[in-house]
Student: 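Let me begin by handing over the structure; questions about it come next.
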2 protein chains.
Amino acid sequence: MKQDGQIDEVDRRILSALQADASLSHQDLAERVGASSASCWRRIKALEAAGILTRTVRLVDPAQVGRGVNVLCNIRMRSHAREARAAFEHFVDGRPEIVECFSMSGEWDYLIRIVVADVEDYNRFLMQTLLGHPSVAGAASHFALSMTKYTTAIPL
Amino acid sequence: MKQDGQIDEVDRRILSALQADASLSHQDLAERVGASSASCWRRIKALEAAGILTRTVRLVDPAQVGRGVNVLCNIRMRSHAREARAAFEHFVDGRPEIVECFSMSGEWDYLIRIVVADVEDYNRFLMQTLLGHPSVAGAASHFALSMTKYTTAIPL
DNA sequence: CATGAAAGCCATGGTAA
DNA sequence: TTACCATGGCTTTCATG
């Protein structure tokens, strides 16, 4: 990355490579993106400092640890007051089975994705946890039959 | 992991730690989960061999690279024939702006998440790319106002 | 059979020119 | 950019519970 904060072609290649496989050594990465190892290292530091390149995470196969079922759930709030929204979002934050939450335009207020073991597991979550929250007025759950694509890579 | 393939408490701690931060060294990891470095190493190898622990990826801040807008889009297929589904899923695979795709139960056939720069960008994608696909009969797009939670960590 | 401790080797990151 | 060097992490061995 040049000092003007712009991302150039080499930066893009670095980001793409690291999004696909962060276990690459700087040397492998260097030859893959067509730059020197030292240059790669400096660019990575700059991208981290700029907050563009964030965490390094290891992925776990959900099905293998008993979380093979995805449910997408639309949520309607009882109130749109700031406190109600903050309370709900804080609640979402604290529930590890909720892996994604979007505040939505349109007829529903939120869309969340939940990973569960099975239908019964979801029933428990819905009845006891989600619908028990004071901010939640209603929910419409949709089960995923399969996840045909999942990537953490943002296109560049 | 014992030879029976079961995941014990230490394995769970290893998985949790690596899901949160895969840049930990085996030694740091070891003391964090309360085991020796060698034991940690063996367990990680076993978890990889079992396919439980998969890729290591680096995350990129979508907003910083001009992909700050999320759109959730329900899709109805023209046909449910196997070839039509395969063709659509292959198409999804090849479009990097589509980061997630679920085959759904209920009134819609698929739910996809798309990351775009702005509304105009999405308009282009919808009109020229998505609706241009022969398998797609219709689509209902919902814009996310914000992403309040996103994690790659599966609860254990 | 899994673990913890210990040690050596090698690759790697970081820094120099 | 290239080259180098020292650091430290990965991997194995071995004894133990």
Side-chain angles (χ1 to χ4, degrees), chain A residues 1-67 152-154 156, chain B residues 1-61 64-65 151-156:
Chain A
M1 176 163 38
K2 309 305 191 308
Q3 66 193 30
D4 58 4
Q6 284 307 303
I7 293 181
D8 67 10
E9 185 54 34
V10 176
D11 285 326
R12 251 194 296 277
R13 283 203 287 266
I14 289 175
L15 292 174
S16 287
L18 292 180
Q19 283 193 117
D21 181 6
S23 68
L24 284 171
S25 73
H26 285 180
Q27 305 180 18
D28 287 347
L29 180 63
E31 66 182 39
R32 191 164 304 198
V33 304
S36 74
S37 158
S39 171
C40 249
W41 180 79
R42 274 190 300 266
R43 286 169 178 270
I44 288 173
K45 286 296 168 213
L47 290 166
E48 286 170 349
I52 297 173
L53 203 43
T54 60
R55 294 181 312 145
T56 304
V57 298
R58 198 76 195 256
L59 303 183
V60 166
D61 182 348
Q64 293 242 40
V65 293
R67 295 283 180 170
T152 57
I154 306 300
L156 305 164
Chain B
M1 175 163 39
K2 310 307 191 307
Q3 67 194 33
D4 58 4
Q6 284 307 302
I7 293 179
D8 66 11
E9 186 54 35
V10 176
D11 285 326
R12 252 194 297 278
R13 282 203 287 264
I14 290 175
L15 292 174
S16 287
L18 292 180
Q19 282 194 118
D21 181 4
S23 68
L24 285 171
S25 72
H26 286 179
Q27 303 179 18
D28 287 345
L29 181 64
E31 66 182 40
R32 192 163 304 198
V33 305
S36 73
S37 160
S39 174
C40 252
W41 179 81
R42 278 189 296 263
R43 284 168 179 272
I44 288 172
K45 285 297 167 211
L47 290 166
E48 286 170 346
I52 297 173
L53 204 43
T54 60
R55 294 181 312 146
T56 304
V57 299
R58 199 76 195 254
L59 302 183
V60 167
D61 182 349
Q64 295 241 38
V65 293
T151 180
T152 57
I154 306 300
L156 304 164

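Since this is a predicted model, take the numbers as computed values, not measurements. Lettering follows sequence order; numbering is per chain, from 1.
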Student: So do B/Val10 and B/Ile14 actually touch side chain to side chain, heavy atoms under 4.5 Å?
Tutor: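 SC-SC contact between B/Ile14 and B/Val10 confirmed.
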Student: How does each nucleotide of nucleotides 12-17 of chain C score, in 5' to 3' order, for protein heavy atoms under 4.0 Å: base (B), sugar-phosphate only (S), or none (-)?
Tutor: SBSB--
Student: Looking at side-chain heavy atoms only, is the closest gap between B/Leu29 and B/Ile44 below 4.5 Å?
Tutor: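 Answer yes - side chains close enough.
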Student: As an exercise, state the distance from CG of A/Asp61 to CG of B/Leu53, rounded to the nearest 0.5 Å.
Tutor: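 The CG atom of A/Asp61 sits 10.5 Å away from the CG atom of B/Leu53.
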Student: Quickly work out the A/Glu31 CD to D/dT2 P distance and round it to whole Å.
Tutor: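 To the nearest whole Å, that distance equals 13 Å.
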Student: Could you check if a side-chain atom of B/Ile52 sits within less than 4.5 angstrom of a side-chain atom of B/Asp11, using non-hydrogen atoms only?
Tutor: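 Not touching, per the 4.5 Å side-chain cut-off.
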Student: Would you indicate, yes or no, if C/dA2 has its OP1 or OP2 atom less than 4.0 angstrom from a side-chain nitrogen or oxygen of B/Ser39?
Tutor: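 For C/dA2, OP1/OP2 do not have a side-chain N/O of B/Ser39 under 4.0 Å.
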Student: Check whether any side-chain heavy atom of A/Arg43 sits under 4.5 Å from a side-chain heavy atom of A/Arg13, and report yes or no.
Tutor: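 No, too far: nothing below the 4.5 Å cut-off.
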